[in-house]
Structure formats: structure tokens, C-alpha cells
Chemist: 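One structure is given below, represented as C-alpha cells, and several questions about it will come after.
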Amino acid sequence: HLYTTTTSMAWFGRLDGVAIPGDITLGGLFPIHARGPHGLPCGEIKKEKGIHRMEAMLYALDQINSDPELLPNITLGARILDTCSRDTYALEQSLTFVQALIQKDTSDIRCSNGEPPIIRKPERVIGVIGASASSVSIMVANVLRLFEIPQISYASTAPELSDNNRYDFFSRVVPPDSYQAQAMVDIVKAMGWNYVSTLASEGSYGESGVDSFQQISREAGGLCIAQSLKIPREPKPGEFDKIIKRLMETSNARGVIIFANEDDIKRVLEAAKRANLTGHFLFVGSDSWGAKSSPILDQEDVAEGAVTILPKRASIEGFDQYFTSRSLENNRRNIWFAEFWEDDFRCKLTRPGIKIDSEKKKCTGEERINRDTAYEQEGKVQFVIDAVYAMAHALHSMHLDLCPGAMGVCDKMDPVEGRLLLNYIRSVNFNGSAGTGVLFNENGDAPGRYDIFQYQMSNTTIPGYRVIGQWTNNLRLNMEEMQWSGGDRQIPDSVCSFPCNPGERKKMVKGVPCCWHCELCDGYQYQQDEMTCETCPFNMRPTPNRTSCRSTPIIKLEWHSPWAIIPVFLAILGILATSFVVITFIRFNDTPIVRASGRELSYVLLTGIFLIYLITFLMIAEPGAVVCAFRRLLLGLGMAITYSAMLTKTNRIYRIFEQGKKSVSPPKFISPTSQLAITFILMSVQLLGVFVWFAVIPPHTIIDYEEQRPPNPEMARGVLKCDMSDLSLICCLSYSIVLMVTCTVYAVKSRGVPETFNEAKPIGFTMYTTCIVWLAFVPIFFGTAQSTEKMFIQTTTLTVSMSLSASVSLGMLYIPKVYVIIFHPEQNVQKRNFICAISNSTSLSVLSVLSLPPKSL
């Protein structure tokens, strides 16, 4: 049958399988062929996953049977079947293993001669090596457990197979995907990713692998799944393009965790390339991808940078020597080897009566593996060998216990009891073909040992998979060895949201713990932690990066400030002018002009004007307890003195002329002494109020942090000032304003005095001008209450207004007198004039005789 056509050969093999005689027979399940198209059970031959793995079992059996120390005098045989990569087909095939255990009723069957038939008893399979795909293993395990046949898989990694209640006769020499998923979670976290998508082939392997990944990521925290997509068993045209389109809906999730079979992986890469997304997706592949070249064939640029995982393995040198020496002549026991030969060497075997396709060359049988065709050992060969050896070691231990000293199989092992064999399988512990320990836990799982690969194209002589780390219960990843699309060594991002800048808090997206919006801590807030902004204490402001608070700078009105220069200049001019007037009056103290102006009240009034100018320096000086005390005292006192003296003067004039209308006798309290007494009484009211204020609230300084607190905290300042509010300042000046208004009223009433009485009109003009100045002061002072430079504007406005008031009084009342005294001394002589007032009834009365200067004054 060796030279039949491929098709007939394949079907013959699929029906019969490989049978190796022995004292004890092991079953074997391998995906010799791919899943068939259009309803056919089987498709093309799978050279690596099928033939390599199956030959690994045959190799292991040869090694065991030739080992005098392991199962001496006992030969292991095999019954190997093809699963065709389909779980339902594998289930049908696996029924072969249980035929010997099924009691058949043959009582009603007779041969043609009436004799009962002689039915050959099928071989009894005591254990099964396989299967490959998890979905196949699950289907087969459900049957084998019913007949208590132990099963050891070399490639099935689905986590659900760890359920010892449902799959109690199932064991495996590869770690379950739960370990693999843990390793993949550790890899994703090590690369700083927190937002990835998952992609799984429909079936136990893909779905359970993704479920494990999602569960572990939830338990670990800090990792979110953007999308979890499934590839159907029978994908429709355009299905993979739709998958890529859906993945791009969350384009920030560049990392794609993929648990899929080789064909699906290849078609995903093709679809990504069609969508011009080469280099966008960052794949993290499971062991189904591993270090295989077939999934990335012709798609290397899309796969560049893919990180894959594979159970830790080693290339078995002895198997390489064994397999490369196989030929059509020496490997007749493998009924699928001829089909492999045709596919591997791209030739055609002849059969009598069948014409060979002219396009294909004829197989000579002299071809050699690894000489005429490329060869690389398939990744699971080591585990197939370890699975067979695990069964052999269990049988060896069982033989030592049940058949001590016996040669060959004794009665206690004929037949082999499945549950007892399972116990021996779970107890094995030996060094496998790669030198690593082979053992099982209570669920039949092997320990997790993985190599981590990355597919690299740049900065390397030969593109391919490169080992970048290992995982054995914890991750060891060499970040320096990693490189990505275009040879970039910077790990790409796969995050939903990038870290917030300093001074920004995270505002989480509801339901997605890895996604957030960054909100700036505005105003006077600082970043307390990554989720919270807090307002700085009232005396502090945030640092430029808003990660903490710092003290707000303290300021005061400086002498060199433009707000201070103008008031100080006016005050200096006023003090000099006032001093000049005082000196002039003292020098010409007994002249008519000085005496006529009322020397005593003039000196009091000039003192008040001097104090008004002086307060400018106190308002600008650095606040302190003493400065604040003098501010309170002198702020209203200077004006109180000035307007008390003016009020006394205008009141005296008014009373004189009012009395003159009625009588020739002078009014009371018009003497200089009386005038001084009245003035000091009026001043004492201001002093009394100030001293009461001192007693209730002692003078002190404060730092006002609210006055200069604009929206921009960089402009915030604490203002050092005396504890005087706007209200207290107005109250301090209110008495002076009352005096000023009263004086203005008397000035208005005295506007009808004769022109020869020179004091009334200047005082009137002084008060009118002063009122205008203070009417302008009020809106400026209160209108700047919300300004960030409130203190500067108000201080300048107040001091300038007071200086102008003092200057008006000085200029109207005394500058003309000083001018005459200095420049026209001839007019400063005494004359006697009678001042008369004509009443409405034209009667003439002499009111008083006063010494007055000439009319021109």
C-alpha cells in the first residue's frame, strides 16, 4: 500500500490508524490532518503538529522498549489515531480505545455452518497520549473517564481541564492556560500597559484562555479590557476585516492578547495589513502562536514586535537524528508517512495504473529530510516524549509494586486497573527529555515554566523569534532586548488614558477604572493626590506645578513705588510751604496782617495743615504697632484741627454780622482766648474718639490675603497693613467731614459780608474747593474696593486728597498774606476803618471797630 495515491492513502490511514504491537498498548491522538473543508472530516496533512508529534511518540516507545532499566521485559505498543483537528471526529475515533471494554452480546450470531462466530477481541488500551487541541481533549476525556482510562495530553492547555471533578482521569505535561494567562498578565503589566483587547478562537482553548486572562487581570487590578472579541469556528468572508475594524474602535488599546489557532492568527495579521495598520497593533500571543513561523508567513512586518509565550522546551537532539533518518523504506509503520513525504518534498508517488500529474515530479524515495528540504523540530515534541515517559514511569512503579521480581506483565496487571494507574501517574517525578522535572499536581497539571519570545526583524542579521525572558511562577523579562516596529526600543503605549501632568487630578470614566480625564487643579487648588484637588490654606498659594502649597509673598507700599512717589512729593512740597508760612508769620508776628488774621487760630490752623501733610509719611511707612497708633491718631486729628479752627473763624464772622443787624454790642466769645477754647473743645471730640478706639482695639498689624487674591495665584500677595478697615477709616474721618460741612454752611451764610472784611470769602472758597475734592475722593476710594491694587490706590487717593485739601486751605488763606508781607510791606500798615452794615430798612448801625488791613487785602 506504500505506493498508492495520496487520497486513498490518507483515507486508509484515517480509518485504521497506526498499530504497534506490545505487551501493554497505549493509545495516541494526533492532528495528522487539518479540519476538512465543506463538510469533509479531514483536510491537508499537518507536517509539524501532526507527523512530528506522532513520530515523537514512536521515538519515545522505541527508547523505552530498548531501555533495560525502564519496564524491563515489557514491550509497550501503540494504537495511534488521527483527530483531523476536529473534536467530533476525534470522539468517533476514540471509541476504538474503549471497544475492548464494551461487552457485546453475540448469542444470536451464528456462522453459516451454525457454529458461534470467533470474534477477535480488540486490543485493550490502558492509557491515551493526547490530544492536541483542548476542545478535542475535553470531548475525548468525557468518554475515557467513563471507562477509567487515564489520559496524558502533550498540548492541551485549557484551564477547565484542571477541574478534577469533571476530568479526573486527565493529566498533562504542559502547564494550563491559567499559568499562561498569569504570565501574560505579568508581561502586559511589566510593559506598563493597562488597556488591552482580547481575541480568541471559538472553542475551549481560546475562550477559556481569555476567560483566565480576564479573571486574573481583574484580581490583580490595574488592567482593563477594552474589547473581548471571538473568532467564529467557521468565519464568514470579511469576518477578520470586521474584527480589525472593531479593534480600532478603541485604538488606544494597541495591545491585543490573542488566544487563537494558527490559521486564525494568520488571517488576523492579513486583515491588519489590508487595513494599513502595520505596526499599530502590539500582539501578545499564547503558546498556540509560540515560536512558529507558519502563522506569520508573508506577514512578518505586521507581526514585528509580537511577544509570544511557549512552555519551556528544548530541542531533543536524539529525535532530530531519528526523524531525519526516516525514509519510505524504514518507516513503513507510519501509514501517513508517504503522504508527508509527498507534501514535504513536493513530489508524487506512483501507483500501478495511475498516471502522474506532469506538473509534479516523481518521488524517487532517495530524498532525505533536512538535506533536500528544510527541517525544524516542532515545539511540542519534547512534551509528547515526556507524556509517553510519564505513562511508562507510572507503569514501571506499578509493576514494581504489583509484580515484584516478576518478568513481564503479571496477573495483577492483566488487565491494568485504570484508577490505580492514575494514582501512579499523579505520583511520577522524573527528569524529562529536556532535563526539567516532570510531575503533576493534584489536578493533573504540570508546573508552569515558559519561555517568552519576541519576533524581531530590525537590528538583527536573521529575522526571527528571540528569547527575551522566562516565567516560572514569576516573570523575568529583559527589557533591553526588546524592540518594536522599525527597531524602536521604546516600549509603545497601550493605555486608555495617559498619566495626568503634575497639578492635574484624575476624573474617572464610569465603569472603566483604567480610563480617566485629566482636570487641572485650578484657582488656589493643589493636587493632594491623584484623585483629589484641595484648596490651599488662606495664607498660601499653589506651587507652579500645583503639587503643593507655598507661602504667599508679603508686600507693603514701598517708598519707591509710583503709588508713593506722587503723594510723598506733594507732602514734601506742602510741609515746606507750611513751614515757610509759619516762619514768615513768626517773623512778622506783630504786623497788622498777621494780627488781623487771628494769630492764635492761624498757628493752630497751620499746625493742622502740617499734620495733614505729615500723615502721608505715616500712611506709606511700614506698618507696625507704633506706626498704626500714629495713623489712627493723626489721620483725623490734622483735619479736625484745621476745620475746627476754620469753623471757629466762620462762626465768629457769622455771629458778628448777625449780631450787628440787631445791636451795637458785640457777640460773646469772639476774643482770641475764646476762639482757642472753642477750637480745642471741637478738637477734643476727635481725640476722645481715638483714645476710646485705642482702648477697645489696640493698634496692631494684619496681613490681608484677600485683598490681592486674583484668579491667577501667581499674582497673589499678602498685604501687610494696619488693622483699619475701610469703615473704620471713614469713621475716623467722619468727624472732620462734619466739621468741614458745617464750616461750609457758615461760609455760605457769610457770603454777604462786605468785601472789606477779607477773611469770609477766602474761607468760603476754601470750603467749596475742599468739598469738591472730597466728593471726588469718595467714588475713587470705594470704587476701587474690588481692585487687586486696592491698598495702593486707596492710600494714594486718600493722601493726595488730604494734601490737596491742606494745599487749598494754605493757598487760599495764607499764601496771599505771605505774598503781601514779603513783596508789599508798604501795605502791611495799620489803618482805622469803620465797618458799617446797611439793613434792609436802610438804617445805619455801627457793629464794631476793628483793626483791618487795607481793602486790597
Side-chain angles (χ1 to χ4, degrees), residues 6-7 9-20 26-37 40-61 78-90 92-94 96 128-137 139-140 153-156 174 205 261-266 287-295 297 313 316 319-320 322-324 326 328 331-346 369 373-385 387-388:
T6 301
T7 304
M9 170 72 74
W11 276 106
F12 177 80
R14 288 169 201 156
L15 293 173
D16 290 82
V18 172
I20 308 293
L26 302 181
L29 291 172
F30 296 91
I32 304 298
H33 293 88
R35 184 186 305 226
L40 293 176
C42 301
E44 61 187 9
I45 195 164
K46 300 180 80 167
K47 294 189 293 184
E48 288 84 11
K49 292 181 73 172
I51 297 298
H52 282 210
R53 293 179 183 180
M54 193 209 74
E55 287 290 346
M57 182 174 178
L58 298 178
Y59 166 78
L61 290 174
R79 180 79 166 126
I80 301 175
L81 302 176
D82 182 6
T83 65
C84 289
S85 307
R86 189 187 295 270
D87 51 3
T88 53
Y89 183 79
E92 296 173 11
Q93 293 287 80
S94 64
T96 305
V128 175
I129 306 300
S132 178
S134 294
S135 58
V136 175
S137 287
M139 190 75 79
V140 172
S153 174
Y154 49 83
S156 298
V174 288
Y205 172 78
N261 59 53
E262 295 177 37
D263 294 337
D264 288 346
I265 293 169
K266 186 175 182 65
D287 62 346
S288 61
W289 185 333
K292 298 172 187 170
S293 57
S294 55
L297 189 63
R313 62 173 188 173
I316 309 304
F319 176 79
D320 288 340
Y322 162 81
F323 191 77
T324 55
R326 297 299 89 191
L328 293 172
N331 199 23
R332 293 176 180 270
R333 62 182 176 179
N334 183 350
I335 62 172
W336 298 290
F337 196 69
E339 187 179 356
F340 162 81
W341 195 270
E342 288 183 326
D343 187 79
D344 198 41
F345 293 107
R346 301 183 183 278
I369 299 171
T373 184
Y375 163 77
E376 183 180 358
Q377 188 178 124
E378 200 275 332
K380 292 291 194 300
V381 163
Q382 168 199 338
F383 300 106
V384 175
I385 297 172
V388 177

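In this chain, numbering begins with 1 at the start of the sequence shown. These numbers were taken from a predicted model, which means no experiment stands behind them.
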Chemist: Using the benzene-type ring in the case of Trp, are the ring centres of W336 and F340 under 6.0 Å apart?
Modeler: no
Chemist: Heavy atoms, side chains only, cut-off 4.5 Å: are I369 and F345 in contact?
Modeler: yes
Chemist: Would the F30 and Y154 ring centres measure less than 6.0 Å apart?
Modeler: yes
Chemist: Just wondering, do I129 and L29 contact through their side chains at under 4.5 Å, heavy atoms?
Modeler: no
Chemist: CD/E44 to CD1/I32 distance, rounded to the nearest 0.5 angstrom?
Modeler: 13.5 Å
Chemist: Check whether more than 12 heavy atoms from other residues, nucleotides or ligands sit under 6.0 Å from atom CZ of R346, and answer yes or no.
Modeler: no
Chemist: So which atom in V136 and which in A90 form the shortest heavy-atom distance, rounded to 0.1 Å?
Modeler: CG1-CB, 3.3 Å
Chemist: Apply ring-ring contact (aromatic ring centres under 6.0 Å, His included) to Y375 and list each qualifying residue two or more places apart in sequence or on a separate chain.
Modeler: H52, F323
Chemist: Distance from D263 atom CG to S288 atom OG, nearest 0.5 Å?
Modeler: 11.0 Å
Chemist: To the closest 0.5 Å, what do you measure between CD1 (I316) and CZ (F383)?
Modeler: 9.0 Å
Chemist: Looking only at heavy atoms, what is the nearest atom pair of T83 and P31, with distance?
Modeler: OG1-CA, 3.4 Å
Chemist: Salt-bridge test for K49 and E262: reply yes if a basic N is under 4.0 Å from a carboxylate O, no otherwise.
Modeler: yes
Chemist: Please round to the nearest 0.5 Å and tell me the distance separating atom CD1 of I80 and atom CD of Q93.
Modeler: 13.0 Å
Chemist: Please examine the side chains of E378 and I51, heavy atoms only from C-beta on, and report whether any two atoms are closer than 4.5 Å.
Modeler: no
Chemist: Looking only at heavy atoms, what is the nearest atom pair of D87 and S135, with distance?
Modeler: CB-O, 3.7 Å
Chemist: Once rounded to the nearest 0.5 Å, what's the spacing between atom CD of E48 and atom CD of Q377?
Modeler: 11.5 Å
Chemist: Which heavy-atom pair separates L61 from A78 by the least distance, and what is that distance?
Modeler: CD1-CB, 3.5 Å
Chemist: Look up atom NZ in K46 and atom CE in M54, then write down how far apart they are to the nearest 0.5 Å.
Modeler: 15.0 Å
Chemist: Could you tell me whether the side chain of R86 and the main chain of G36 form a donor-acceptor pair under 3.5 Å?
Modeler: yes
Chemist: Evaluate side chain to side chain donor-acceptor pair (under 3.5 Å) for N334 paired with E55, printing each intermediate quantity in order.
Modeler: CA-CA 8 Å; N334 183 350; E55 287 290 346; 2.6 Å; yes
Chemist: Counting N and O atoms only, with roles assigned by atom type, does the side chain of D287 sit under 3.5 Å from a partner on the main chain of G290, one being a donor and the other an acceptor?
Modeler: no
Chemist: Considering all heavy atoms of both residues, which atom of S137 and which atom of S156 are nearest to each other, and what is their separation?
Modeler: OG-OG, 2.5 Å
Chemist: What verdict does the side chain to side chain donor-acceptor pair (under 3.5 Å) test give for R79 and T96, after you've listed the backbone C-alpha separation in whole Å, the side-chain angles of each residue and the deciding distance to 0.1 Å?
Modeler: CA-CA 9 Å; R79 180 79 166 126; T96 305; 5.2 Å; no
Chemist: Run L26 and M57 through side chain to side chain contact (heavy atoms under 4.5 Å, CB included) and show every step you take.
Modeler: CA-CA 10 Å; L26 302 181; M57 182 174 178; 4.1 Å; yes
Chemist: What are the two closest non-hydrogen atoms of R326 and W341, and how far apart are they?
Modeler: O-CZ3, 3.6 Å
